[in-house]
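When reading the values below, keep in mind they use all heavy atoms of this one structure, side chains included, and skip hydrogens, waters and symmetry mates. Below, read A as the first sequence line, B as the second, and so on, with proteins coming before strands; counting in each chain starts at 1.
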Amino acid sequence: MTFYVSTPIYYVNARPHLGHAYTTIVADVVRRFQSMRDSQTYFLTGTDEHGDKVVQAAQKQGVSPRVYVDQISRLFRDLWPELNVRPDRFIRTTDSDHMAVVTEVLRKIHAAGDIYFSEYEGLYCFGCERFYAERELQEGRCPIHESEPELIRESNYFFRMSRYQGWLIDHLQSHPDFIRPERYRNEVLAFLREPLGDLCISRPKTRLTWGIPLPFDEAYVTYVWFDALLNYVSALGYPDGELFHRFWPAAQHIVAKDILKPHGIYWPCMLKAAGIPVYRHLNVHGYWNIEQRKMSKSLGNVIEPLEMRNVYGLDAFRYFLIREMTFGLDANFSESAMVQRINADLANDLGNLFSRVLSMTHKYFDGAVPELDPEVGRQYGLGLGPDARRTVDEYERAMEAFELHKALAAVWEFIGRMNRAIDIAAPWELAKKPATRKQLEAVIHSLLKGLRLISGLIYPVMPDTAARMQTHLGLDPEALYYALRDLRLWKPVPSGTRLPKTVMLFPRIEAAGEPAGASPAPPAAERGPETKPEATLEDFQRIDLRVATVLSAEPVPKAKKLLKLEVDLGERRTIVSGIAAHYTPEALVGRQVVIIANLRPVKLMGVVSQGMLLTAESEDGPVLILPEKPVAPGSGLR
RNA sequence: GGCGAUGUAGCUCAGUUGGUCAGAGCAUGCGGCUCAUAUCCGCAGUGUCCGGGGUUCAAAUCCCUGCAUCGCCA
């Protein structure tokens, strides 16, 4: 069996956030699941780097598109290993092999007559550098610039997608799970009830140069679709690559619902036109809302995946994402929900189960797995075998169907079954009398067996925890302990195995400093008019406050209020601050100030500022916040 | 505005083809155990199944309509 999983290539106009992390972790989970069944796997992710939004973002930062995309792309590439995600390839649409494939496929489809040249007429806003459909306009004006767009004509190349509509409908009908969950298949079918238009696939170089040139017309570059979607085959070395032959078309694409149409309609049509077999499944997931609201930069509620990992632990974070979201539907992300899940599912159910079983093994058998007569085992064991089998069956079915939350629910049902079995068997009673020693041995054997199974099943979602469990069961964490075939064998932890000292897998998270029953944030009306919404300690810790020594200071030319400071906080930083009206450069040099060190860089009067100086707002203007006595440059604050 | 989806206990959500379907987990209350991370086990509630119409012997489940939220509209 081969299994090829992909995430979308992420557009580099923003830093990676929770949504990116979720999609990519899902891909990692299903890939690890496939490795449990001996599948050969290939895992692709990467970045989408062409287009006008990238050019604009680069301009804003005052750098070339190349420098800009290198910078953002690296943020994505470096993030994944931090989340225990290791793709086989990180593709960039600026990679030369990818660009060559795009060129080749365009040439081929053009030669076959499915790309044609045509005039396009539309309402164009020069401010936005884009066309608007009439219904997008507000009272005939651009919703952003409030200016009246102009009617312009532009010639462009079009992909004859309409030709493949009938084929695609047939394919969707003969492959009911081509797009899943079903709701998204229905959505695509609904869309296909209307005649499909053709797809504009180019931009004139007069408007956009940051793209892949069309092989049949040097005056144009490719516009998004062929450039981006073809990454799924170019990464494998289409058309002749060994990987391509091995893994295509066993492809599982994973996308969020906002890009359903390109992946569910454009991409299959493109593949068909190029004579490439269509991919196997498109798996569509919903959105994470943050504290009931949409995640957006302007709301300031962007969740930083690394921050979550640092605060709650990587496996707990991965578990929460996979367990909390019904794959396909939207879900809410909140730290309080995560704490609840960690305490209830991980600390209480799993962690405590693990702890009680291991501690009993230590207490009653001195940490060595007891000998067991098979007959005694049959008679006095907990009879978990049938449950174990049902659990593995449901787990495998759900994983296979991308119902990842259900796969975890199945494992936790088994965990609950084990906790109940312990109460009924009451090993602490059996331990009191020598007469029930044999029964005690059988019970402990059953329980260790159960833990062994659980550690295998949680491997895709919580690989580190799975390995820790193996270690503490005296087993080899380097082995393929999670092979599904072996897990079905319901194997015991061998008698005589010595168990290391037990550990807490997941400590409970207690509400920090809050007395029990403390009410949540009071309604805004009860607070002072100037207070901001309640922030958690984690919110505060997100801000990197540091002491910096001012090395030099000079006015910014033509700016009345701005000073450009060079500061030392362990490294050199340039900071632009609006305090020129109240502080002279001389008054600052050599002093220690407090800055926000992880603020997004901004360009002020042509100078990039890599931080912000902290000042108090007074009626006489800004007043510097200074340490009471000298400290090492770069010292953190709390 | 058009297309589509979602709206079920305090919270997050299951509910296949209309008939023990009014459920689960968490949170809450009470009881039990003591191996365990103040953990575990048992019991107990609470619901105009978004509102309004309709079809039917029977609707959370089908139809119409309204409201709210989300996605897409090259």
Look for any protein N or O under 3.5 Å of an N or O in nucleotides 22-32 of chain B and output each such pair with its distance, or none.
residue, atom, partner, partner atom, Å
B:C26, O2', A:Gln340, OE1, 3.0

Report which part of the nucleic acid [X] touches: base, sugar-phosphate, or nothing (heavy-atom distance under 4.0 Å, all strands).
| X | result |
| --- | --- |
| A:Leu353 | nothing |
| A:Ser355 | base |
| A:Ala190 | sugar-phosphate |
| A:Glu194 | nothing |
| A:Glu429 | sugar-phosphate |
| A:Arg183 | sugar-phosphate |
| A:Gly197 | nothing |
| A:Pro507 | base |
| A:Tyr364 | sugar-phosphate |

In the structure shown, which nucleotide is the Watson-Crick or G-U wobble counterpart of [N], with both distances under 3.5 Å?
| N | value |
| --- | --- |
| B:G71 | B:C3 |
| B:C43 | B:G29 |
| B:U61 | none |
| B:A24 | B:U12 |

Q.
With rounding to the closest Å, how many angstrom separate the C1' atoms on B:A9 and B:G47?
A. 5 Å
Q.
Rounding to an integer number of angstrom, what distance separates B:G53 and B:U12 when you compare their P atoms?
A.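 Roughly 28 Å separates the two P atoms.
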Could you tell me the separation between the [atom1] atom of [X] and the [atom2] atom of [N], rounded to a whole number of Å?
| X | N | atom1 | atom2 | answer |
| --- | --- | --- | --- | --- |
| A:Leu382 | B:C41 | CG | P | 15 Å |
| A:Arg193 | B:C3 | CZ | P | 10 Å |
| A:Arg356 | B:C41 | CZ | P | 7 Å |
| A:Asn419 | B:U34 | CG | C1' | 14 Å |
| A:Glu441 | B:C35 | CD | P | 19 Å |

Q. Does the side chain of A:Asn332 get closer than 4.0 angstrom to OP1 or OP2 of B:U12 through an N or O atom?
A. yes
Q) Quick one: is B:C13 close enough that its OP1 or OP2 comes under 4.0 Å of any side-chain N or O from A:Lys406? A)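 So the side chain of A:Lys406 is outside the cut-off, no N or O lying under 4.0 Å from OP1 or OP2 of B:C13.
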Q. Looking at A:Asp217, A:Leu106, A:Asp198, which hits side-chain contact (heavy atoms from CB on, under 4.5 Å) with A:Tyr157?
A. A:Asp217
